[in-house]
Structures are given as structure tokens and as C-alpha cells.
Chemist: 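Before I ask anything, let me first share the structure, which is written out below as C-alpha cells.
Just so you know, residue 1 is the first one in the sequence shown, and it goes up from there.
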Amino acid sequence: MVVGLLLVMLFNLFNQPTGRDRHIPFSDFLYQLDLGHVTDVTIQGRVLSGVLADGNNFSTYTPEDPDLVRMLREKKVNITARPPEETPLLLTVLISWFPMLLLIGVWIFFMRQMQGGGGRGAMSFGKSKARVLSEQQSKVTFADVAGIDEAKEELQEIIEFLKNPPKFQRLGGKIPKGVLLIGPPGTGKTLLARAIAGEANVPFFNLSGSDFVEMFVGVGAARVRDMFEQGKKNAPCIIFIDEIDAVGRHRGAGLGGGHDEREQTLNQLLVEMDGFESNEGVILVAATNRPDVLDPALLRPGRFDRQVAVPNPDIRGRTQILLVHMAKLPLAESVDAEVIARGTPGFSGADLANLVNEAALGAARDEKQVVDMTDFETAKDKVMMGKPRKSAVISELERRTTAYHEAGHAIVASVIPGTDPVHKVTIIPRGRALGLTMQLPTEDRHTYSKQQLDDNIAILMGGRLAEEMVLGQMTTGAGNDIKRATDIAYNMVCHYGMSKRLGPLTYGYKEEEIFLGREITQHKSVSEETTRTIDQEIRSIIETNHERAQQILTDKMAVLHLMAEALLDRETLDADEVLRLVQGMSLAEALNPKVEPEVAKPDADPARKEGPKDPGAPIFSGSYFPRKPGDGPSGNAAD
């Protein structure tokens with residue numbers, strides 16, 4: 001079509017009269033001829049051109065006039081005759097058929113788009129968008145995955161099944177049809193899938209759960225059918241669907257009765273995985289961090305035969321993950337991955353990767369040749385507490401209030417036996433917080449005891465109490481502390497059965513009508529009298545621990561003043577400095593030590609150290625509670 005258009009343009013260009021020829025009416029030509037001003041003419045068909053006596057060229061179009069030649073001879077004009085120009089046959093056909101050719105070309109274009117393979121065509125709604133991952137694209141293997149050994153073992157077994165099926169089939173074993181990777185965000189589910197692609201010598205199809213959903217009902221189901229058709233042609237193969245909760249949510253849930261397009265897609269997926277026709281050799285691997293919203297029919301054996309948990313790593317796993325990421329950096333000899341892992345409880349694999357990257361960026365900003373331990377400590381504080389806002393303008397009264405607030409938290413946390421040691425206290429604004437007190441557990445934890453929950457409430461009360469006892473005022477800085485303490489007490493009474501008056505019962509059931517992945521209603525199955533008792537128990541727990549914290553601060557009032565003065569002077573105190581002050585050292589001795597202090601906390605009760613365990617996340621107290629790794633922001637922005 002482009003060539004045809006160019007030919008037409010060239011034809012019209014070369015058939016235009018030259019710029020020197022002046023087109024004149026035929027009557028003007030006859031007038032000039034009668035005057036004898038025409039000297040030469042050229043007749044070519046019905047076109048007549050010539051030269052006037054003054055040397056100007058002209059052209060005109062002549063009618064059928066048999067006397068024209070006679071008139072020219074009478075005036076003694078030089079006559080030149082030429083045959084009329086003929087348009088080439090090919091160009092004539094092209095010009096006449098051009099509209100039809102254009103229509104045929106547009107039709108062919110749309111047909112090719114509608115039949116485009118792999119879902120790449122603009123009109124290929126029903127085609128799967130699965131992308132085949134080649135060996136050159138996948139450079140990740142199981143050697144690059146650390147901290148989740150149990151998940152690796154289960155997936156390694158599937159790889160062996162694909163490589164050597166008779167090993168399992170001789171005893172009657174069947175290849176799993178589906179594997180569901182479940183875990184919090186950032187724990188390495190997608191990385192595991194990439195490792196499967198790197199280890200398996202079979203085709204690996206990769207797509208997201210959102211690739212099925214379109215504005216047209218039925219398109220997602222067609223894509224599921226096409227995806228499994230591609231899988232059958234390339235069997236044995238692996239199909240990986242990331243974020244499967246986008247298409248696999250509970251059917252019929254939510255306001256209005258559900259989502260027609262998503263439910264049709266899910267129905268087709270259920271049929272393809274385990275329906276009337278079998279899909280031998282097609283293994284479906286999916287990942288999600290919301291297993292609670294998935295449809296029960298999707299989770300049953302025969303569809304997803306295995307559900308592999310991918311949790312946050314423990315200290316050994318964090319050490320291995322750090323070593324994998326540190327292998328790419330030039331490190332100083334002082335860097336110890338185990339020390340960093342011990343100080344990052346609750347971190348996911350993505351958090352640790354971010355920590356290593358922040359350390360490398362910090363070393364580059366300081367123009368260092370290697371990344372040392374100081375860079376990792378700075379990066380850890382930045383990831384856990386936020387970047388320091390050194391340019392923030394804060395009045396002296398607010399600094400003093402923040403110093404006493406954080407000193408109150410630190411003293412109560414240091415005096416109560418069995419609590420997590422204080423790691424750092426600062427009044428430097430970080431993120432949206434004016435000050436922070438950070439505690440780090442000495443080991444990974446998975447549950448809380450009642451005593452530990454009471455201790456946490458007492459620590460949270462320490463900030464507001466210090467403000468009241470010393471400055472005689474209440475500020476909004478304790479708003480988040482009070483909210484967190486109230487939530488802990490409510491859960492102790494209503495969910496954990498830790499109230500003697502109410503007993504081991506749960507109060508306040510949630511009706512989990514899943515809409516956008518959230519609970520939208522809550523049903524209270526308690527009487528008014530029980531509700532009144534719940535309120536009394538919550539108040540009793542808060543007040544009891546409030547009095548504990550008040551008694552501690554009263555006994556340590558001198559330490560409170562010293563620590564606040566130290567914070568106003570130094571702005572940040574580490575664990576050793578806090579411990580020296582609590583042990584009764586003077587300000588000069590605590591900040592300029594000659595002897596290393598004992599590691600044990602004062603009045604520690606050995607019996608309290610062997611208690612139930614908590615997820616191991618660092619505990620923050622202060623004017624504002626920032627996010628812990630893997631969680632969203634919490635707290636009050638106004639604090």
C-alpha cells in the first residue's frame with residue numbers, strides 16, 4: 001500500500017506542468033496568434049504548448065478544431081506534433097483498484113490481530129498471557145534461595161519427579177497437580193518459583209492472577225482454557241500463577257453476590273485442575289499472602305495437593321539470607337552476618353535484601369571502598385525506625401517533653417525483669433516520630449505469656465507517666481501508646497481468655513463476609529452485663545500496670561532526670577549507656593565508661609526468661625510507633 005501511494009504521488013508530480021509554462025485560455029491563444037506573436041507550438045493530443053515572440057512559454061487546452069493547423073500554417077508558426085502520453089497499465093490498474101486493496105489490507109490486519117498467538121494481539125482476548133521462561137532468562141537456582149529449607153525440600157521433590165518419574169511411580173505415587181506457596185509478603189515465594197524454573201529442565205509458564213481478569217465476562221475462562229491447552233502441548237511443564245487471590249477468591253462473597261467475571265474464571269480453573277478431563281503432566285504452582293480469602297474448592301487435595309508455608313526466617317535463616325546478599329558486596333573484615341541477623345528479628349527476606357542495599361548505598365555516599373559494620377547498623381536503624389529528620393525545627397519544650405517521655409519508656413523496660421532489652425533510645429525525629437525507644441528480643445519468639453503482655457502495657461504507660469510526674473502535663477505524644485495498651489488488654493480479655501472473672505472464653509465473633517479481602521461486619525454475642533464486665537476487666541488491667549510503671553518511675557526518679565538530661569545532650573543513647581544509668585552510675589560515668597557493664601539486667605528473674613515466645617519483631621515505644629518490617633504504617637500521624 002505504501003509503494004502504491006508513492007507511485008501515485010510521483011505520477012502526479014511528473015505530470016504537473018513546469019513552473020515556466022504559463023497556462024492561458026484558448027481565446028487568448030487565438031488572439032496572440034492573430035497578432036502574429038506565436039512563433040513555435042507543440043501539439044500533444046489536446047494539449048498545445050509553445051513560445052511567444054517575447055520568449056515566454058505558454059500552454060493551453062485545445063477543443064476539436066480542424067482549422068487549427070491551417071491557421072498555424074497561415075501565420076507561419078513552426079509546428080511540432082507528438083503522440084499523447086499514455087498512463088502505464090500497472091499504474092492505471094493500481095489507481096483504479098486502490099480503494100479495494102486498502103479494504104482488503106485492513107481486513108487482513110484485523111484477522112491477524114484476532115488470531116495473534118500468546119495473547120499479544122490487540123484483539124486476542126481469549127488467548128492466555130502466559131510467558132515461557134527460557135533458561136537464559138532464569139539465572140536463579142535453589143542455591144540462591146536461603147532461610148526456607150523446608151519449602152525448598154518440598155519443591156525439590158517436585159523437580160525430581162519431573163526429572164525421574166519412574167522413581168516415584170514404581171510405588172504407585174502420582175505427580176502433584178498443584179502446589180500453593182503461602183506466606184507473608186517478602187518471604188521469597190516468587191523467588192522460589194524462579195528457582196524452580198532455573199532447576200527444572202521443563203517448560204515454565206509464568207503469569208499473574210490479574211492477567212485473567214478483563215472487562216468482558218468470559219474472557220478469563222477462555223484464557224484459562226488456552227493456558228492449559230498450551231500446557232498440554234508442552235507437558236510435562238510447570239505453570240506459575242503469582243498472586244492467585246486476584247482470581248481465586250471465595251465465590252458468592254461480598255456485596256451484590258460476587259463478581260461474575262472472576263467467578264467464571266475460577267470455575268474454569270477448578271475444572272481444568274481436576275475435572276472430567278485430566279491434565280497429566282501439568283503442575284500448577286501458585287503463590288499468595290492471603291490464603292484466608294481463597295475458595296475452599298481451590299484448596300482441596302486433587303487441585304492444590306500441597307500447601308507449602310514460606311514464613312519469615314529465623315536467626316539461622318536470616319544469617320543465610322544475609323550471606324547470599326553480602327556475597328555481591330566488598331565487605332570489611334568486621335562485618336559479621338550472624339550479629340546482624342541477631343539484631344533483625346522479624347525481618348523478611350525482602351527486608352534483609354533492602355537492609356544490605358541500604359548499607360551499600362550508605363557506604364557509597366561516604367565514598368568508602370568497602371562496606372563495614374557501621375554502615376549495616378545505620379541501615380538497620382533507617383529500615384526499622386525511619387530516616388533521621390535532622391532538619392526538623394523543634395522547640396526546646398518539645399525536645400524536653402520527648403526526652404522525658406522516651407526516658408520513661410526506657411527505664412520501665414530496663415527495670416522490669418524478663419522484658420526485651422532496650423536497644424536504643426533517641427529523641428532525633430525519624431519519619432513522623434519525634435522520639436523512639438526500641439527494644440530487641442534476644443531470641444526469636446512465637447507466643448506471648450500473660451506476664452509478658454502485662455509488662456508491655458506497663459512499658460507503654462511509662463512515657464505518659466514521666467510527662468505527668470516531672471512536667472505536670474499531658475500531650476498527644478502518648479496517643480499511640482494508649483491505643484496499643486488498650487488493644488493488648490482487650491485481646492487478653494476477649495480473645496486470649498486471660499481474665500479470671502470471664503474465664504477462657506472468646507467474646508465478640510466476627511462475621512467474615514469477604515469483600516475486598518476484609519471483614520465488614522462484627523457480631524456481638526454477649527449481654528450488656530458481660531460487656532460491662534469486659535470494660536471493667538480491661539480498665540483493671542490497664543490501671544494495674546499503670547500503677548506498676550508509676551511505682552518504678554517514683555523509685556527511679558533520679559535516674560529519670562539523668563537519662564532525660566543525657567538525651568537532651570547526646571540525643572541518642574545505646575543499650576550500654578541506658579543500662580549504666582539504670583544501675584545508678586553518674587552521668588559522666590555512664591557516658592564515658594571505663595569498665596564494661598554487666599550484660600544482665602538488674603533484678604532479672606531467671607525463671608521469667610524461659611517463657612512463651614513472640615514473633616520476634618522489635619518493640620517500639622514512644623511518641624509514635626513506626627512500622628516494623630513487613631507491616632504497614634501504624635500510629636497517629638499527629639503524634
Side-chain angles (χ1 to χ4, degrees), residues 140 142 144-159 161 175-197 199-200 204-212 238-251 253 262 265-266 269-270 273-274 282-314 317-318 320-321 346-353 444-447 510 512 514 516-519 614-617 628-632:
V140 180
F142 281 142
D144 301 313
V145 182
I148 40 179
D149 296 335
E150 293 80 7
K152 287 169 61 176
E153 289 176 6
E154 295 227 27
L155 296 173
Q156 183 68 49
E157 185 176 316
I158 293 176
I159 300 300
F161 203 117
I175 190 169
K177 293 185 178 180
V179 179
L180 182 63
L181 306 178
I182 301 173
T187 51
K189 300 183 292 296
T190 306
L191 183 66
L192 268 175
R194 293 179 61 192
I196 296 174
E199 294 282 347
F204 186 90
F205 295 89
N206 174 36
L207 72 163
S208 171
S210 60
D211 289 337
F212 295 106
I238 296 175
I239 298 175
F240 174 65
I241 303 178
D242 201 5
E243 304 295 346
I244 195 173
D245 53 278
V247 70
R249 290 193 176 184
H250 201 298
R251 290 169 291 180
R262 188 177 65 234
T265 305
L266 175 59
L269 183 62
L270 296 176
M273 290 187 70
D274 186 25
V282 179
I283 299 179
L284 188 64
V285 180
T288 181
N289 53 22
R290 291 299 308 274
D292 54 311
V293 303
L294 295 180
D295 194 276
L298 191 64
L299 300 177
R300 73 163 177 83
R303 292 197 171 106
F304 282 111
D305 300 288
R306 295 187 179 184
Q307 297 184 22
V308 180
V310 189
N312 284 326
D314 55 14
R318 291 196 299 273
Q320 296 172 357
I321 293 172
F347 272 48
S348 66
D351 292 320
L352 294 171
D444 292 324
R445 298 184 172 180
H446 303 91
T447 58
K510 290 183 178 179
E512 294 187 352
I514 301 172
L516 297 178
R518 301 179 184 274
E519 305 87 3
D614 163 55
K628 63 183 179 181
D631 288 351

Chemist: From Glu199 CD over to Ile238 CD1, what is the distance, rounded to the nearest 0.5 angstrom?
Modeler: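 Answer for the CD-CD1 pair, Glu199 versus Ile238, is 10.5 Å.
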
Chemist: Can you spot which of Leu294, Val285, Leu284, Asp274 makes a side-chain contact (heavy atoms from CB on, under 4.5 Å) with Phe304?
Modeler: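 Only one option passes, and that is Leu284.
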
Chemist: Do you know which of Ile196, Ile321, Leu191 makes side-chain contact (heavy atoms from CB on, under 4.5 Å) with Val145?
Modeler: Leu191

Chemist: Show the nearest heavy-atom pair for residues Ile241 and Ser208, with the distance to one decimal.
Modeler: CG2-C, 4.2 Å

Chemist: Would you name the heavy atoms of Gly248 and Leu266 that are closest together and state the gap between them?
Modeler: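 The pair with the smallest heavy-atom distance is CA-CD1, 3.9 Å.
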
Chemist: Which pair of non-hydrogen atoms, one from Gln156 and one from Phe142, has the smallest distance, and what is that distance?
Modeler: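 Here Gln156 and Phe142 meet closest at OE1-CD1, 2.9 Å.
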
Chemist: Starting at CZ of Phe204, measure out to CG of Asn206 and round the result to the nearest 0.5 Å.
Modeler: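 With rounding to 0.5 Å, CZ (Phe204) is 6.0 Å from CG (Asn206).
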
Chemist: Return the CD to CG distance between Gln320 and Asp314, rounded to the nearest 0.5 Å.
Modeler: 8.0 Å

Chemist: Which heavy atom of Gly178 sits nearest a heavy atom of Met273, and at what distance?
Modeler: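 What the structure gives for the nearest pair is CA-CE, 4.5 Å.
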
Chemist: Which pair of heavy atoms, one from Pro291 and one from Leu299, lies closest together, and at what distance?
Modeler: O-CD1, 4.3 Å

Chemist: When rounded to the nearest 0.5 angstrom, what is the spacing between CG in Asn289 and CG in Leu181?
Modeler: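 So the CG of Asn289 and the CG of Leu181 are separated by 11.5 Å.
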
Chemist: Which pair of heavy atoms, one from Gly188 and one from Ile148, lies closest together, and at what distance?
Modeler: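 Heavy atoms of Gly188 and Ile148 come nearest at O-CD1, 4.4 Å.
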
